[in-house]
Amino acid sequence: MDFSRTLFKTVILFVVLSQSVWAVEVAEAETQPSLEAMLWVRQAEPQADAVVYDRTLATIYDQFSFAPIWRDYRAKDELETQINIISLAGISQDFEWRALLLRDLRNSGDWRAYDVFATDSLLALMSYIDQIPEHGKRWYFGTDITEQLPVPTQGRTLSLIAAATQNALYDFVFGLRPDTPQYRAMAKAIVKLQDMQTHIWPKIVQKGLIREGDPLEDADHFITALERQGVLAKADAQRLKIERVNYFHPLLVDAVKRFQGRHGLKQDGVIGKSTRRWLNKSANTRIQILALNMERLRLWPTERESIILVNIPNYEMQLWIDSELILDSKVVVGRPSRRTPLFDSRLDSVVFNPAWNVPVKIMRKDILPKLRNDSEYLEKNSYTVLSDWTDAQEIPSEQIDWQNINPNDFPYRLQQSPGDMNALGRFKFNTPNGNAIYLHDTPAKSLFAKERRAFSSGCIRVQKAETLAEILISRSGFNYGDYDYYRRIPETKWVSLRKRYAVYTIYQTAWVNESGEVEYRDDVYHYDARPKRNTAVSLTASNNQS
């Protein structure tokens with residue numbers, strides 16, 4: 001028994017040492033690839049300057065004695081799927097070009113040119129993924145990828161070589177996907193849209209509000225549009241056309257309500273400006289929105305153990321505990337001129353009956369100008385003037401000449417007392433971050449009834465703030481009596497949570513729901529807007545079987 005165990009340990013040690021020596025040899029070879037390998041790569045290059053990572057390619061193919069490594073068609077499909085999605089997202093001209101050239105080379109049958117360019121494209125994909133933690137927010141919510149991506153890390157390259165050696169290239173490439181079923185579901189949705197691109201996508205050009213019973217200027221186009229959107233059954237569409245229905249029929253009203261629900265619109269069955277705009281979005285536009293949001297999945301956390309997610313364009317907050325959705329709530333987010341930032345933090349405490357230290361920007365732009373016209377504004381809204389946040393000495397408001405103040409030079413600070421008038425409501429959820437953004441209650445409950453809820457100065461107002469506070473307190477080891485006491489007392493009370501929760505603000509304007517239907521939301525901050533995209537590449541059913 002002891003001899004067997006010793007022998008087993010010896011074999012394991014030999015394997016580890018062998019792999020270490022091999023890794024060192026590869027690393028050394030990577031710095032000085034052979035002239036023969038460099039020449040072979042250049043000869044295999046499909047067109048001048050097509051490959052970017054020639055030295056790394058030479059190192060890789062030298063290891064395989066210049067034999068092809070893309071022998072598994074599934075690996076090819078998976079690589080092309082991920083490259084194509086980045087291309088369709090419209091964030092990189094380089095990936096758009098790669099998607100087209102990969103398609104052409106695969107159809108040409110030139111295995112060597114395809115193999116080398118596919119490996120070069122895989123290196124580009126690996127580098128792209130490596131850069132996302134630093135540049136992802138800029139790429140997905142600002143400027144496109146214009147710079148050449150650096151050579152992937154040595155560790156990444158060694159992993160690629162190891163995978164190809166073990167005939168596991170498909171698993172390696174598949175592992176580069178975002179770790180969420182949403183990616184595959186959204187890819188299937190793109191395939192479906194691309195299949196429908198050749199069909200008629202009629203526009204709704206009828207002006208004004210269209211209500212149930214109203215005449216339709218082009219009923220057949222209207223019926224076809226709803227059928228194409230997947231909210232009107234084919235049989236119902238055919239029956240309405242056969243019967244020559246030329247008015248806004250109840251079946252069409254129900255279909256419009258379903259359409260509105262999938263787009264975050266008020267489900268009133270009335271076609272107005274917003275519903276008409278979404279009905280008229282082309283398949284190409286929807287494909288680009290889906291692809292861009294697929295890439296954004298690479299930024300967001302996939303674990304659901306103890307996390308609060310706020311999806312800004314959906315105006316929704318979710319609390320997940322032990323992979324179970326415990327609470328969802330409507331939220332109000334920052335208006336476009338004062339956007340809620342994309343950030344992550346940890347919720348460490350609940351503040352009952354908070355005072356509000358008014359941010360300087362809000363004080364200067366919103367509150368001080370009102371005091372010129374209403375000297376009693378501070379008293380009416382329970383504001384106190386303080387010398388600063390450190391000494392916090394109260395300054396009598398009557399000592400200040402409000403008519404002649406310059407908001408930009410105002411030397412004091414404002415604080416709003418706890419109570420029903422307080423802008424934070426009865427609960428504040430502390431999430432330390434560099435943007436001074438947090439979740440809180442609000443006295444302005446009527447805003448939650450609105451379809452578009454971007455009204456705040458950046459912080460996140462939670463409709464179910466009281467329920468959220470109760471859950472967090474109870475899950476942190478406190479009993480209901482503690483919670484009820486903190487809620488009833490008029491004083492401010494900070495309660496540190498024994499259990500901390502990750503908090504992420506995310507920005508998803510498209511996803512696939514549990515019923516397999518694609519949902520879209522208005523791009524409230526205009527992050528989706530991109531130049532006209534190359535839609536020549538396509539995803540196929542074979543690309544998305546895994």
With ring pair (Phe, Tyr, Trp, His ring centres under 6.0 Å) as the test, would you mind laying out the steps for Trp320 and Tyr504 before giving the verdict?
CA-CA 12 Å; Trp320 290 80; Tyr504 280 80; over 10 Å; no
Any idea which heavy atoms bring Gln463 and Ser329 closest together, and the distance?
N-OG, 3.4 Å
To the nearest 0.5 Å, atom CE of Met186 lies from atom CG of Leu297 at 5.5 Å
Please examine the side chains of Ile308 and Met317, heavy atoms only from C-beta on, and report whether any two atoms are closer than 4.5 Å.
yes
Please check: side-chain N/O of Lys428 versus main-chain N/O of Pro354, any donor-acceptor pairing under 3.5 Å?
no
Does NZ or CZ of Arg296 fall inside the cone over Tyr507's six-membered ring, less than 6.0 Å from its centre and within 45° of the axis?
no
Could you tell me whether the side chain of Ser345 and the main chain of Pro432 form a donor-acceptor pair under 3.5 Å?
yes
In this structure, which one of Asn433, Val310, Asp344 forms a side-chain contact (heavy atoms from CB on, under 4.5 Å) with Thr505?
Val310
My understanding is that only residues two or more places apart in sequence, or in another chain, count here; which of them pass salt bridge (Lys or Arg N to Asp or Glu O under 4.0 Å) with Lys464?
Asp328
Test side chain to side chain contact (heavy atoms under 4.5 Å, CB included) applied to Lys76 and Tyr114, step by step
CA-CA 10 Å; Lys76 296 178 183 179; Tyr114 178 90; 3.4 Å; yes
Compare every heavy atom of Val495 with every heavy atom of Ile473, then report the nearest pair and how far apart it is.
CD1-CG1, 3.7 Å
Applying ring-ring contact (aromatic ring centres under 6.0 Å, His included) between Phe117 and each of Tyr53, Trp97, Trp70, report the one that passes.
Trp97
Gap separating the CG atom of Asp348 from the CG atom of Asn430, nearest 0.5 angstrom:
5.0 Å
Heavy-atom closest pair (Met126 atom, Thr157 atom, distance to 0.1 Å) is CE-N, 4.0 Å
Taking C-beta and beyond as the side chain, do Phe172 and Ser159 meet within less than 4.5 Å on heavy atoms?
yes
To the nearest 0.5 Å, what is the distance between CH2 on Trp511 and CD on Glu519?
5.5 Å
Verdict with reasoning, Trp278 to Arg262, per side chain to side chain contact (heavy atoms under 4.5 Å, CB included)
CA-CA 10 Å; Trp278 273 109; Arg262 294 181 192 177; over 6 Å; no
Which atom pairs, donor and acceptor, lie under 3.5 Å between side-chain atoms of residues 225-234 and protein residues at least two apart or in another chain?
{"from": "Arg228", "atom 1": "NE", "to": "Ile200", "atom 2": "O", "distance (Å)": "2.9"}
{"from": "Gln229", "atom 1": "NE2", "to": "Leu279", "atom 2": "O", "distance (Å)": "3.4"}

Ser476 (side chain) donor-acceptor with Lys499 (main chain) under 3.5 angstrom
yes
Contact check, side chains of Leu447 and Lys450, non-hydrogen atoms, under 4.5 Å:
yes
Any donor-acceptor N/O pair, Asn107 side chain to Arg103 backbone, under 3.5 Å:
yes
Taking Gln288 for the side chain and Ala89 for the main chain, is one N or O donor matched with an acceptor at less than 3.5 Å?
yes
So Lys188 and Val512, side chain to side chain contact (heavy atoms under 4.5 Å, CB included) or not? Walk me through it.
CA-CA 10 Å; Lys188 287 184 174 181; Val512 177; over 6 Å; no
Assess the side chains of Ser456 and Arg461: does a donor N or O sit below 3.5 Å from an acceptor N or O?
no
With the side chain counted from C-beta on, respond yes when Gln63 and Thr165 share a heavy-atom pair under 4.5 Å apart, and no when they do not.
no
If you measure from CG on Asn280 to OG1 on Thr285, what distance do you get to the nearest 0.5 Å?
10.5 Å
Does any N or O in the side chain of Arg338 come within less than 3.5 Å of the main-chain N or O of Gly458, such that one atom is a donor and the other an acceptor?
no
Say whether Asn84 and Glu80, considering side chains only, have a donor N or O and an acceptor N or O under 3.5 Å apart.
no
Do the non-hydrogen side-chain atoms of Glu451 and Asp268 ever get within less than 4.5 Å of each other?
no
More than 12 heavy atoms of other residues, nucleotides or ligands under 6.0 Å from NZ of Lys192: is that the case?
no
Could you check whether any side-chain heavy atom of Val462 comes within less than 4.5 Å of a side-chain heavy atom of Phe427, counting everything from C-beta outward?
no
Taking the side chain as every heavy atom from C-beta outward, state whether Arg487 and Glu470 have any pair of such atoms under 4.5 Å apart.
no
Which residue pairs pass the side chain to side chain donor-acceptor pair (under 3.5 Å) test with at least one member in residues 122-135, sequence neighbours excluded?
Tyr128-Tyr140, Tyr128-Glu295, Asp130-Arg156, His135-Arg138
Mind checking salt bridge (Lys or Arg N to Asp or Glu O under 4.0 Å) for Lys493 and listing every partner two or more places apart, or none if nothing turns up?
none
Show your working on side chain to side chain contact (heavy atoms under 4.5 Å, CB included) between Leu123 and Leu160 and close with a plain yes or no.
CA-CA 9 Å; Leu123 292 170; Leu160 188 164; 4.0 Å; yes
Quick test of your reading: applying salt bridge (Lys or Arg N to Asp or Glu O under 4.0 Å), list the pairs with at least one residue in residues 273-283, sequence neighbours left out, ordered by first then second residue.
Arg277-Asp522
Going by an N to O cut-off under 4.0 Å, is there a salt bridge joining Asp72 and Arg74?
yes
Give a yes or no on whether the backbone of Thr340 and the side-chain of Tyr525 come within a donor-acceptor separation of less than 3.5 Å.
yes
Using distance alone, with no hydrogens and no angle criterion, decide if Tyr170 and Asp77 have a side-chain donor and acceptor under 3.5 Å apart.
no
Hey, does the Lys NZ or Arg CZ of Arg426 hover above the aromatic six-ring of Tyr486, less than 6.0 Å from the centre and inside 45° of the axis?
no
Compare every heavy atom of Ser306 with every heavy atom of Arg500, then report the nearest pair and how far apart it is.
O-CB, 4.2 Å
Do Tyr527 and Arg339 have side chains that approach each other closer than 4.5 Å (heavy atoms only, starting at C-beta)?
yes
Taking every heavy atom of Ile83 against every heavy atom of Phe95, the minimum-distance pair comes out as CD1-CE2, 3.5 Å
Do Ser87 side-chain atoms and Arg98 backbone N/O form a donor-acceptor pair below 3.5 Å?
no
Flag, side chain of Gln267 to backbone of Lys257, donor-acceptor distance under 3.5 Å:
yes
Specify the closest pair of heavy atoms between Asn422 and Pro443, including all atoms of both residues, with the distance to one decimal.
O-CD, 3.3 Å
Applied to residues 310-325, the salt bridge (Lys or Arg N to Asp or Glu O under 4.0 Å) test, sequence neighbours excluded, yields none
Would Asp254 and Arg258 satisfy salt bridge (Lys or Arg N to Asp or Glu O under 4.0 Å), going step by step from the backbone distance to the final call?
CA-CA 6 Å; Asp254 289 341; Arg258 285 190 287 273; 5.4 Å; no
Compute whether any side-chain donor of one residue and acceptor of the other, for Gln508 and Asn311, lie under 3.5 angstrom apart.
no
Straight-line distance of Phe448 CZ to Tyr315 OH, nearest 0.5 Å
13.0 Å
Mark yes or no for whether Thr442, through its side chain, and Ala444, through its backbone, hold a donor-acceptor pair below 3.5 Å.
yes
Is any NZ, NE, NH1 or NH2 atom of the basic residue among Asp528 and Arg521 found under 4.0 Å from an Asp or Glu carboxylate oxygen of the other?
no
